[in-house]
Amino acid sequence: MSRYNAAEIEARWQDAWDKAGIFTAERKEGKPKYYVLEMFPYPSGKLHMGHVRNYTMGDVIARYKISTGHNVLHPMGFDAFGMPAENAAMAIGGHPKTWTYNNIDDMVEQMKPLGLSLDWSRMFATCDPEYYGQQQSLFLDFLDKGLVYRKNAVVNWDPVDMTVLANEQVEGGRGWRSGAVVERKELTQWFFKISDMADELLEALDGLDNWPAKVKLMQANWIGKSRGLQFGFERVDGGEPIVVYTTRPDTLNGASFVGISPDHPIAKAMEGNPEVDAFLAEARKGGTTEEAIETAEKLGYDTGIKVKHPLTGAELPVWIANFILMDYGTGAIFACPAHDQRDLDFCRKYDLPVIDTFVSLDDPKPVDKAAFVPPKSEKVKWVDHFAGLDEATGEEAINATIDFMEAKGLGEGVTKFRLRDWGLSRQRYWGCPIPVVHCDACGVVPEKKENLPVELPDDVSFDQPGNPLDRHPTWRDVACPACGKPAKRETDTMDTFVDSSWYFARFTAPRAETPTNAADAEYWMNVDQYIGGVEHAILHLLYARFFARAMHICGHLPESAKEPFDALFTQGMVTHAIYKSEGADGRPVYHYPEEVTLKGDKAVLEDGREVDVVPSAKMSKSKNNVVNPLHIIESYGADTARWFVLSDSPPERDVEWTASGAEAAHKHLGRVYRIASEIDADAKGQEADDTALIREMHKAIHDVTMGVESFGFNAAIAKLYGFTNALGKSNAGGKAKREAALTLAQLMSPMTPHLAEAVWEMLGGEGLCALAPWPVADEAMLVDDEIVMPIQINGKRRAEISVPKDMDKAEVEKLALAHHAVQKVLDGATPKKVIVVPGRIVNVVA
RNA sequence: GCCCAAGUGGCGGAAUGGUAGACGCAGGGGAUUCAAAAUCCCCCGCCGCGAGGCGUGCCGGUUCGAGUCCGGCCUUGGGUACCA
């Protein structure tokens, strides 16, 4: 009897799969295709357990689909542009390109031992000129179709380093390197017209039956379709009316002031006035994130301008307020402090009036410290409502108000979206160059397609802040493609979300001379199963949906690929406890898990010092709570790592990596190997034991298949533990045991493919286990002949009876009522009600 | 701030509105062994000697029956448009 040797088995079978070329995808007629894709990684250089979990899940699906007769496409690539490469170049020197490609090589080396069923021949990185050149070509097509345009937008500006900062580079409102207070500054930038498709992107969510409801809900809220009233406030001084948009026009009587964004034309027109300038400078401090703006202290400035209330004729002041976004609605609002907490806080601070427009039916008191904001569906009592309402819900009042205002010719009901156009300009080097040239004579001129790719220059340095492309004369200064006169290249590069918005389409024909190839796109699209982190629920997935539509408009994808991902699964993170002690300088020191020994609930270093254990957190380099998959593979093998990341937690939830868990997983795989190796095919057994084992086998087939198909990997694995136990204890004959073990190998094969092949071979399975047809459960074997039914009395479990599986309800009821526990409680009385749920439960209501 | 989730034994978790705690870890007991490793068997939510009672973050509701559905909170996590 040989022992389970993962290293030997894994190398051997990876080699066998490679030689047989079973994962290389080709178009084949006669077999249904299946495209499974995991969100591709950023090449940080270190593969972590989160990657292992993500790719193992995809691999389970891919291998399962191979077994069920599908022609599977399962590719891998790298999302290779982005800030970390530039940060590394700044911090440790070197070039982003070298850093990135070295990391890619390292990560491929780390991925290969996992035995993933990937078609490596299709691999690419988004920083390959062959890829980003095609992306530039797409950009020019989009430009041609009016899907791209330029406008001003605000960025985080570091006034000391004189550079644009990413949101991540703003910490507490200050630049992460300079420490200077960040300002919001306007720049002219490129935008994708995603807002044109807002309604379609919203409506189409309905058709995504195999997407998680929460993702669809988040996207729907993000797109934020709303119906409201748009109308103008006449200015007392006779200037242009101030147009506002509101989703709560019903509260118009409660208006206490008109607020405009610091970026509103009226505010801008007042620049030059030192007091206004001082206020605007203050209001523009801090980062551009919605969170920063929403949570910043509310500031206001009274412009002195007065407007007339359209219904009452009362004069209202116009304030500039830092919490009003120019990007949403019209950049101007009216404030109703009685029914909006933010407005109320502002009005209390600046001593502006608070007017109740409606009060609660149960508790009709005026607003004091808390705004009264009931759900729009709740009926409330209206105070002197102009449209004659007395008791009505907010919804009814909104509609009545819009009708009223439209009838009077004072405003109109309009539909607006929260979704803004997608700004794609980045003032950075390591990204896809935007292929246009700025010419004094011709304006913005697209680069000619035959000149693509516009390649990034290699001779750049990162010794000073700012975009190196801006200070690279030989790259920047070019002849205008239209008139030939001296001109300047666009030095902004594209947002890395652009790179990841179409890579799934490129995988269908990664070496094509055009962005996609029609026949390949037609055959392979859509992605049948997409798997990735829930952190991408909104941006990446929405941008990809937009891109698929835009690519269809430009003829790069078929109509049927407008929604590119048929099914989506969002998985959780891999977490680990953090081991922390205090260094000599009082700062925290983080220790790697391998430096720590666990003794009960204490964690001890090699030198005997005890360290604090902080409960599980996302694995992060800065906290050193990372487990290197390579170390796990070296000590236990890839199958153990794969089995463990799938076994302990439901895939959509976070999983905590524990050393004991990994050991347990390894022990179990060794047990499977041993049980299989001990089977003597000629051994005789009892017929009853054979039947019992085969029955267990069919139940396992059923449950594991369900588990794999519904992403219940942890439940499938629990079932496999049970089936292995049953097989280990069974007194069945060798023939039945061999059949059961072969099936066990197949059922485990998507999760632990190497071990499965070894067991399959040991027991004389035909060909590769990976290619063997998936077993099918015999329905007749799934239900036992006798079932145990619990009896509840008034909802509490009191007894149980064993009955034949198909006994009818009346018989069951009779048996239940005859049970002594029931008799005792009833004490001769007739039960009020008896509920028999066939095959489930009996409830007696006494 | 706003949007979306999650919360069940010592731990990870299981449970189409129908026996809460499957399966695994940790722990306890035993077998085997000269001894150990490995392996195998049994026990294992809390309170209680027991009968029994209490238990799925908190408060309330719907139901014959709620971990599951509804309303309100609390805590943690994800997103918040330039991290990917």
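Fair warning: this is a prediction, and the values are worked out from it, not measured in the lab. Below, read A as the first sequence line, B as the second, and so on, with proteins coming before strands; counting in each chain starts at 1.
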Any side-chain donor near an acceptor of the partner, [X] and [Y], under 3.5 Å:
| X | Y | result |
| --- | --- | --- |
| N714(A) | S647(A) | no |
| N152(A) | T188(A) | yes |
| Q135(A) | D499(A) | yes |
| N467(A) | Q427(A) | no |

Choosing from [options], which nucleotide comes nearest the side chain of [X]?
| X | options | answer |
| --- | --- | --- |
| S649(A) | rC83(B), rC4(B), rG12(B) | rG12(B) |
| E290(A) | rU80(B), rG13(B), rC64(B) | rU80(B) |
| V534(A) | rG78(B), rA84(B), rC82(B) | rG78(B) |
| R653(A) | rG18(B), rG7(B), rC82(B) | rG7(B) |
| E168(A) | rG13(B), rA81(B), rC83(B) | rC83(B) |
| P790(A) | rC82(B), rG79(B), rU19(B) | rU19(B) |
| R674(A) | rU16(B), rU39(B), rU80(B) | rU39(B) |
| T289(A) | rC64(B), rA81(B), rC23(B) | rA81(B) |
| L217(A) | rG79(B), rU39(B), rC4(B) | rC4(B) |
| I835(A) | rC23(B), rA81(B), rC64(B) | rC64(B) |

Worksheet item: Just one of Y503(A), W502(A), W422(A), W222(A) clears the ring pair (Phe, Tyr, Trp, His ring centres under 6.0 Å) bar with Y543(A), so which one?
Response: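 Between Y543(A) and the candidates, ring pair (Phe, Tyr, Trp, His ring centres under 6.0 Å) is satisfied uniquely by W422(A).
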For the side chain of [X] and the base of [N], is some donor closer than 3.5 Å to an acceptor across the two?
| X | N | result |
| --- | --- | --- |
| Q427(A) | rC82(B) | yes |
| R798(A) | rU19(B) | no |
| Q189(A) | rC82(B) | yes |
| N843(A) | rC64(B) | yes |

Rounded to whole angstrom units, what separation is found between the [atom1] atom of [X] and the [atom2] atom of [N]?
| X | N | atom1 | atom2 | result |
| --- | --- | --- | --- | --- |
| Y503(A) | rA84(B) | OH | P | 15 Å |
| I791(A) | rU19(B) | CD1 | C1' | 11 Å |
| E652(A) | rG78(B) | CD | C1' | 14 Å |
| W222(A) | rC4(B) | CH2 | P | 13 Å |
| Q169(A) | rC82(B) | CD | C1' | 8 Å |
| F323(A) | rG1(B) | CZ | C1' | 12 Å |
| L646(A) | rG13(B) | CG | C1' | 15 Å |
| F192(A) | rA81(B) | CZ | C1' | 14 Å |

Any [X] side-chain N or O less than 4.0 Å from OP1/OP2 of [N]:
| X | N | answer |
| --- | --- | --- |
| N221(A) | rC2(B) | no |
| N725(A) | rG24(B) | yes |
| R671(A) | rC40(B) | yes |
| R420(A) | rA81(B) | no |

Provide the Watson-Crick or G-U wobble partner of [N], both distances under 3.5 Å; none if there is no partner.
| N | value |
| --- | --- |
| rA26(B) | none |
| rA38(B) | none |
| rG50(B) | none |
| rA6(B) | rU75(B) |
| rG18(B) | rC64(B) |

Practice prompt. State plainly whether the residues E663(A) and K667(A) are in salt-bridge range, i.e. N to O under 4.0 Å.
Written response: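 Not counted as a salt bridge, because no side-chain N and carboxylate O are separated by less than 4.0 Å.
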Worksheet entry | 5'-most by nearest nucleotide on RNA chain B - K214(A) or I717(A) | K214(A)
Worksheet item: Is it the case that K225(A) places NZ or CZ above or below the six-membered ring of F417(A), under 6.0 angstrom from the centre and within 45 degrees of the axis?
Response: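 No, a cation-pi geometry is absent between K225(A) and F417(A).
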Worksheet entry | rG67(B) and rA15(B), which share atom name P, separated by this distance in whole Å | 15 Å
Worksheet entry | Distance between C1' atoms of rG7(B) and rG12(B) (Å, rounded) |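 Those two atoms are separated by 14 Å.
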Worksheet item: Under a 90° cut-off about 0 for the syn range, is rG9(B) syn or anti?
Response: syn
